[in-house]
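Only one structure is covered here, and it is reproduced in the block below.
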Amino acid sequence: MSEELKRYNKQDFYRFFREFDAAVCEASAVSNSIGVKEAEWHIAFATHVFVRICNHAEAMAGAIPESRWAKKDSYSWDLSFVAPHARAIIEGNLLFYYVSKKPSSDEELRTKINVMHMNDCVRRISFFEEGTSDYIGLNKQKDELTERLNSIDYFQNLSGPTKKRCLNGKALMIPSRDELLIEMGEDVRAFNIMFDFLSNYTHILPISYYRMEANGRGTGCFNEVDLNYICIFMEQCTQILRSQTDKIVDFFPDLSKVRKGIRSKSTFAPKIKK
């Protein structure tokens with residue numbers, strides 16, 4: 001990402017925050033109002049992913065300096081406070097798109113579900129010591145999932161490398177990230193640059209501290225560089241939240257009535273001062 005790409009001031013920041021704040025409130029209100037509803041698999045999974053994205057959006061709202069979501073005497077302008085949640089929202093948007101898309105057939109549905117189960121199973125196996133009951137039980141489940149996937153014609157028609165990724169639990173989704181981005185009409189290079197940039201601030205990597213300067217960058221003091229990046233990612237996340245909320249409301253049209261901007265009622269949103 002080029003630091004010369006955009007330049008924002010404090011007024012821009014307040015405008016972006018108002019829009020982000022409203023998007024978070026609406027998304028959270030819609031999420032809270034879903035309740036117990038009968039839904040097809042792809043819709044049900046989309047609501048679960050949406051809940052996790054809303055949680056990160058609320059956390060990001062509380063991490064943004066001068067936010068009404070956090071009661072503080074002082075605020076940090078370090079991008080590191082915002083980056084992990086922005087990264088999760090942007091990454092979660094891919095999974096939301098993937099799971100909310102109606103499958104073309106029952107076989108595709110079964111494949112998607114079992115690939116996701118395999119990813120979860122393999123990750124859990126890594127948490128336990130070899131020989132423990134949990135380790136043995138999860139490996140048995142892995143064998144059952146392998147047999148199940150190999151019995152599905154849709155899975156067998158996938159490319160060899162794709163099947164290998166799925167069977168070893170490396171794949172959460174059948175397509176690769178780049179393949180999914182292309183399907184979504186996104187600029188792959190731009191996405192990867194943005195995602196890797198946020199990763200450097202999510203982890204303690206040189207990009208996050210090599211340019212700490214006396215002007216405040218990377219220290220938490222107000223500075224124009226961190227201001228710019230916070231604005232950029234607020235704008236990006238606002239667009240994502242609006243799009244996802246639209247999708248959930250398409251699934252459950254009765255939820256449109258809870259969308260009232262910052263006055264939308266949700267569990268953790270701060271009350272509007274009268």
Side-chain angles (χ1 to χ4, degrees), residues 1-3 5-32 46-70 75-100 177 180-181 184-188 190-203 208 225-249 259-262 264 266-270:
M1 294 177 60
S2 170
E3 294 183 11
L5 186 60
K6 294 183 179 180
R7 280 287 181 266
Y8 294 117
N9 57 37
K10 208 67 177 296
Q11 292 308 308
D12 294 319
F13 169 81
Y14 293 134
R15 173 171 58 85
F16 282 127
F17 179 72
R18 286 194 298 271
E19 294 173 354
F20 178 70
D21 189 359
V24 176
C25 288
E26 287 196 349
S28 297
V30 167
S31 178
N32 289 170
T47 62
H48 287 285
V49 176
F50 187 61
V51 168
R52 294 300 306 157
I53 290 170
C54 287
N55 289 345
H56 279 286
E58 292 171 357
M60 179 172 163
I64 291 171
E66 301 186 17
S67 168
R68 71 186 184 94
W69 287 71
Y75 301 94
S76 174
W77 287 87
D78 187 344
L79 176 62
S80 298
F81 282 72
V82 172
H85 303 299
R87 181 178 181 271
I89 292 168
I90 291 168
E91 183 177 40
N93 187 44
L94 301 184
L95 182 59
F96 180 85
Y97 170 84
Y98 174 76
V99 299
S100 65
R177 189 172 77 180
L180 197 60
L181 286 166
M184 295 170 68
E186 299 287 341
D187 184 323
V188 174
F191 179 94
N192 289 335
I193 290 173
M194 175 176 59
F195 190 78
D196 289 346
F197 179 81
L198 286 170
S199 296
N200 277 274
Y201 282 85
T202 299
H203 310 291
S208 69
V225 175
D226 282 301
L227 168 70
N228 284 347
Y229 285 133
I230 291 171
C231 286
I232 288 170
F233 294 116
M234 276 197 294
E235 181 181 27
Q236 180 76 14
C237 291
T238 296
Q239 293 171 356
I240 289 172
L241 289 170
R242 285 173 176 168
S243 174
Q244 292 176 348
T245 305
D246 288 343
K247 188 74 172 179
I248 294 295
V249 171
R259 300 182 73 173
K260 299 178 181 179
I262 63 170
S264 305
S266 63
T267 305
F268 299 108

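Below, each value reflects all heavy atoms present in this structure, side chains not excepted, and no hydrogens, waters or symmetry copies. Numbers here simply count residues along the sequence, with the first being 1.
Minimum heavy-atom separation, Tyr8 to Cys231: CD1-CB, 3.4 Å. The two residues Thr245 and Leu241 have their closest heavy-atom pair at OG1-O, 2.7 Å. Lys10 and Leu227 make their closest contact through N-CD2, 4.2 Å (heavy atoms, listed as atom of the first residue, atom of the second, distance).
Under the 3.5 Å distance criterion, the side-chain polar atoms of Ser31 are left unmatched by any main-chain donor or acceptor of Ala27. In this structure, the side chain of Ser28 does not engage the main chain of Cys25 through any donor-acceptor pair within 3.5 Å. Judged by distance alone, with hydrogens and angles left aside, the side-chain atoms of Asp226 form a donor-acceptor pair with the main-chain N or O of Leu79 at under 3.5 Å. In this structure a side-chain-to-backbone donor-acceptor pair under 3.5 Å is missing from Asn32 to Ser266.
Each of Tyr14, Tyr75, Trp77 was evaluated against Glu66; a single residue qualifies, Tyr14, per the side chain to side chain donor-acceptor pair (under 3.5 Å) test.
For Phe16, the CZ atom counts as densely surrounded, since its 6.0 Å shell holds more than 12 non-hydrogen atoms of other residues, nucleotides or ligands. For Lys260, the NZ atom is loosely surrounded, since the number of other residues' heavy atoms within 6.0 Å does not exceed 12.
Figure legend: cation-pi geometry between Arg177 and Phe191 absent, as NZ or CZ is not positioned both under 6.0 Å from the six-membered ring centre and within 45° of its axis.
Asp78 and Ser76 form no side-chain donor-acceptor contact under 3.5 Å, judged by distance and modelled atom types alone.
To the nearest 0.5 angstrom, Asp12 atom CG is 11.0 Å from Ile232 atom CD1. Taking CG of Leu95 as the start and CZ of Arg52 as the end, the distance is 11.5 Å to the nearest 0.5 Å. To the nearest 0.5 Å, the span separating SG on Cys54 from CD on Glu26 amounts to 11.0 Å. Here NE2 of His85 is found 10.5 Å from SG of Cys237. Values are rounded to the nearest 0.5 Å. The distance from the CZ atom of Phe50 to the CZ atom of Phe96 is 6.5 Å, given to the nearest 0.5 Å. The CZ atom of Phe197 sits 10.5 Å away from the OG1 atom of Thr202 when rounded to the nearest 0.5 Å.
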side-chain contact (heavy atoms from CB on, under 4.5 Å) evaluation trace for Glu186 with Leu94 = CA-CA 11 Å; Glu186 299 287 341; Leu94 301 184; 5.8 Å; no

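Side-chain contact between Lys247 and Tyr97 is absent, with no heavy-atom pair separated by less than 4.5 Å. Contact annotation: the side chain of Tyr98 never approaches that of Val49 to less than 4.5 Å [non-hydrogen atoms, C-beta and beyond]. The shortest distance between side-chain heavy atoms of Glu235 and Glu19 does not fall below 4.5 Å. With contacts defined as side-chain heavy-atom distances shorter than 4.5 Å, the pair Val99/His48 does not qualify. Under the 4.5 Å side-chain criterion, counting only non-hydrogen atoms from C-beta, Ile64 is in contact with Phe20. Counting heavy atoms from C-beta outward, Met234 and Ile230 have side chains that approach closer than 4.5 Å. No side-chain heavy atom of Asn93 sits less than 4.5 Å from a side-chain heavy atom of Ile53. Inter-residue side-chain proximity for Arg87 and Phe233 is flagged as unmet; no heavy-atom pair is nearer than 4.5 Å.
Tyr201 has its ring centre no less than 6.0 Å from the ring centre of Tyr229.
Under a 4.0 Å N-O distance rule, the pair Arg18/Asp21 does not qualify as a salt bridge.
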